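Below you'll find the structure, written out as structure tokens, and then a few comments.
FYI, side chains are in, hydrogens and waters are out, and symmetry mates aren't considered; it's all heavy atoms of this structure. Computed from a predicted structure; not experimentally measured. Quick note: residue numbers are just sequence positions, from 1.
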Amino acid sequence: MHPPLPLSPSALAVLDSRYLARDSTGRVAESPEGLLRRVARAAAAPEARYGADPKKAEDSFFRLLSALEFLPNSPALRNAGTQGGQLAACFVLPVEGSVSGVFDALRWAALVQTSGGGTGFDFSALGPAGTPLAGGTHEPGPVAFLDLFHRATDVLRPLSMRHGANMGVLRVDHPDVETFIRAKDEAGRLTNFNLSVAFTDEFMAALAAGDRRFALRHPDGGPPARIVDPRALFDLFVASAWATGEPGALFIDRIDASNPTPRLGRIRATNPCSEQPLLPFEACVLGSLDVSKFLRPGGDGLDRPRLREAVATAVRFLDDLVDASRFPVPQIAEMTRANRKVGLGVMGFADLLIALGIPYDSPAAVETAEVLMSLVDGAALEASAELARVRGPFANFPGSRWERLGLPPMRNAALTTIAPTGTLAILAGCSAGIEPVYAYAVTRRVLEGRELREVHPAIGALLSRHGLAPGPLLRAVARTGRVRGTPGIPEAVARLLPTAFDVAPEWHVRIQAAFQRHVHSAVSKTINFPASATRGDIARAFLLAWDEGCKGLTVYRDGSRAAQVLTAGSPQDVEAPACECPR
């Protein structure tokens with residue numbers, strides 16, 4: 001009999017609310033182990049078409065899942081083995097520059113969102129607001145259509161397995177870019193969207209050179225619609241990001257430069273959290289390894305052979321999901337199966353650093369990020385090449401970037417990404433994505449208004465290791481969420497336990513850049529700033545991200561939105577879990 005899964009109370013609450021199958025009366029009809037067995041079985045079903053044993057693959061997948069060493073994206077956990085069967089999280093849909101093109105995209109988005117996927121759109125093909133049209137009418141403009149997509153997502157909410165999420169992108173040279181930047185200045189507006197400005201190489205060069213003139217152009221071409229000062233435009237962008245956390249930045253030409261299939265078109269948008277740049281009609285299945293669970297016995301380093309084996313199993317699992325998924329739009333099924341992009345990433349990075357005795361804000365952490373992701377990337381490439389040898393390469397491999405680089409035939413056009421993994425990290429019991437720990441005691445607002453209070457178990461373990469009684473110190477940490485600056489905490493402990501706000505922006509960016517150097521797609525990363533951060537602090541972070549080779553960046557200044565998912569500390573004392581609580 002398989003031992004019970006090491007699930008925390010928060011993980012059990014999330015499973016009960018979002019993932020466990022229910023019968024016709026609404027009662028839970030499966031256990032957590034049953035959920036993972038269902039997912040493993042559904043993922044393994046395509047193995048038979050390649051001459052493999054589905055039961056053997058199912059058992060291999062289940063071992064990895066039940067150890068909570070790897071988890072796939074939410075649609076797979078929810079939909080695998082069900083009638084819906086849509087297993088991908090990330091989609092990008094085209095928005096053509098016409099009314100019919102807009103409403104085609106809206107229809108496709110409805111099908112994707114009700115199946116559990118998140119949608120990204122580039123609205124740059126739409127003419128600027130007020131452009132005269134035949135018959136005395138005028139263009140509504142991209143932001144007007146953003147409102148339309150936002151309202152549609154609200155209407156679809158009762159039909160969707162989870163709240164619909166969108167990414168809205170507009171090029172920095174679009175004449176409506178200032179209106180787009182200010183679109184969320186009014187509180188509560190466009191809450192179903194994340195927004196990103198697509199900064200071009202041309203704009204960034206003009207900004208760096210101190211040019212005073214930058215042309216905004218109608219998407220249909222022609223002479224410049226307006227000339228603006230790039231510094232003034234960037235300052236407007238920074239001011240909005242400081243005030244509301246949005247828009248984020250996408251360095252769109254840099255993103256497209258690593259497009260694995262350039263002959264199929266340009267990449268213009270990403271999924272809602274920006275880790276997955278995709279072509280129009282592409283979808284991607286994601287999954288993340290909890291790297292904090294891959295330490296050698298004794299905890300003195302990574303267990304590299306075991307991690308490589310897990311990467312190979314995870315790549316196979318994700319490739320099988322591409323076949324197993326029932327995509328809601330025929331064009332998506334065709335494009336996705338022709339390119340077979342998967343997004344294997346990591347979570348638990350901050351926990352790994354704590355276990356290794358490495359502060360997040362240190363050169364050693366940057367080096368660890370490089371070593372870790374280089375290992376994952378190399379093992380993923382090897383696994384994809386082996387799958388291609390047995391199953392055949394992805395259909396668009398000829399002419400791909402991989403072929404031009406001289407690599408052997410690959411099964412997947414892209415393999416690695418870094419997703420935020422908020423919910424998956426709760427299930428796995430680890431820190432989210434590659435982020436530092438947000439706070440060591442948090443009040444988590446999830447699950448239709450419920451609040452979950454948590455204290456990170458590493459604190460108790462480290463305090464005990466230093467011969468200190470954890471009780472009173474943990475209660476102090478529980479009130480603020482911070483370890484650094486808490487009286488009585490030894491410096492050696494505090495140095496290892498920074499919060500997201502303790503980490504200086506340059507270390508956030510350096511960690512992101514280290515991962516990006518070994519990731520095919522992109523990295524979802526947020527710099528959490530304290531409320532006291534200035535606009536200058538925000539501007540420097542975006543410019544450093546550009547200089548360090550990142551593909552984009554999102555910032556968030558504490559308190560700049562009316563509601564946050566996480567709040568540091570607790571309004572009341574929190575009883576900390578025992579330090580041996582499974583993670």
Side-chain angles (χ1 to χ4, degrees), residues 88-96 105 108 112 117-122 124-125 167 169 171 198 200-201 250-271 274-287 315 318-323 325 327 329-345 377-378 380-389 391-419 516-523 549 551-552:
C90 306
F91 295 76
V92 164
L93 297 169
V95 182
E96 303 299 333
W108 297 322
V112 169
T119 43
F121 313 90
D122 174 25
S124 302
M167 168 63 79
V169 177
R171 285 176 61 93
T200 61
D201 288 354
L250 296 177
F251 302 125
I252 199 64
D253 291 333
R254 180 176 289 166
I255 288 171
D256 192 55
S258 60
N259 178 359
T261 54
R263 67 185 181 85
L264 300 182
R266 299 196 57 161
I267 291 178
R268 302 179 185 276
T270 73
N271 71 313
S274 76
E275 75 272 13
Q276 200 62 47
L278 296 167
L279 292 167
F281 289 121
E282 267 194 316
C284 186
V285 292
L286 307 180
V315 168
L318 292 172
D319 186 68
D320 281 341
L321 286 191
V322 176
D323 289 324
S325 182
F327 296 106
V329 176
Q331 298 97 310
I332 294 174
E334 180 180 0
M335 179 68 86
T336 302
R337 294 198 171 111
N339 291 335
R340 308 191 68 84
K341 287 182 180 176
V342 302
L344 178 62
D377 180 55
L381 287 168
E382 290 175 7
S384 187
E386 176 60 21
L387 285 174
R389 188 184 66 80
R391 302 178 175 185
F394 69 93
N396 291 314
F397 179 80
S400 70
R401 182 168 173 262
W402 299 119
E403 185 184 54
R404 293 205 304 266
L405 289 172
L407 268 69
M410 306 295 295
R411 179 67 173 168
N412 314 95
L415 285 154
T416 47
T417 193
I418 300 292
Q516 184 62 76
R517 286 189 282 273
H518 304 283
V519 163
H520 304 160
S521 296
V523 176
K551 291 184 177 180

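Checking side-chain atoms of R263 against main-chain N and O of P398 turns up a donor-acceptor pair under 3.5 Å. T336 contributes a side-chain N or O that, together with a main-chain N or O of I332, makes up a donor-acceptor pair within less than 3.5 Å. A donor-acceptor pair is defined here as one N or O able to donate and one able to accept, closer than 3.5 Å; such a pair exists between the side chain of N259 and the backbone of T261.
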- request: Show your working on side-chain contact (heavy atoms from CB on, under 4.5 Å) between S384 and R340 and close with a plain yes or no.
  value: CA-CA 11 Å; S384 187; R340 308 191 68 84; over 6 Å; no

message: Apply side-chain contact (heavy atoms from CB on, under 4.5 Å) to residues I252 and T200 and explain how you reach the verdict.
response: CA-CA 6 Å; I252 199 64; T200 61; 4.2 Å; yes

query: Given the rule in the side-chain contact (heavy atoms from CB on, under 4.5 Å) test, do L415 and D377 qualify, once you have shown the distances and angles that lead to the verdict?
result: CA-CA 8 Å; L415 285 154; D377 180 55; 5.7 Å; no

task: Please report the C-alpha distance between H520 and T417 in whole Å, then the side-chain angles of each, then the deciding distance to 0.1 Å, and finally whether the side-chain contact (heavy atoms from CB on, under 4.5 Å) criterion is met.
output: CA-CA 6 Å; H520 304 160; T417 193; over 6 Å; no

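With respect to the salt-bridge test (charged N to carboxylate O, under 4.0 angstrom), the residues R171 and D122 do not qualify. Note on R391 versus D320: salt bridge recorded, some NZ/NE/NH1/NH2 to OD/OE distance being below 4.0 Å.
Residues L279 and G265 approach most closely at CD2-O, 3.4 Å, considering heavy atoms. Shortest non-hydrogen contact noted between C284 and L278 is CB-CD2, 4.1 Å.
When the shell of 6.0 Å around CD of E334 is examined, it contains 12 or fewer heavy atoms from other residues, nucleotides or ligands.
In this structure, F327 CZ and F91 CZ are separated by 6.0 Å, a value rounded to the nearest 0.5 Å. The CG atom of L344 sits 8.5 Å away from the CD1 atom of I418 when rounded to the nearest 0.5 Å. Rounding to the nearest 0.5 Å places CH2 of W402 at 5.5 Å from CG of L381. Atoms NZ and CG, from K341 and N412 in turn, are 11.0 Å apart once rounded to the nearest 0.5 Å. Between the CZ atom in R411 and the CZ atom in F394 there is a gap of 11.0 Å [rounded to 0.5 Å]. The structure places CE of M410 at 11.5 Å from CD of E386, a figure rounded to the nearest 0.5 Å.
In the model, S258 has a side-chain atom that pairs as donor or acceptor with a side-chain atom of K551 under 3.5 Å.
Qualifying side-chain hydrogen bond (donor to acceptor under 3.5 Å, both in side chains) partners for R266, counting only residues two or more places apart in sequence or in other chains: D253, D256.
Listed by first then second residue, pairs satisfying salt bridge (charged side-chain N to carboxylate O under 4.0 Å, His left out) with a partner in residues 394-407 number zero, not counting sequence neighbours.
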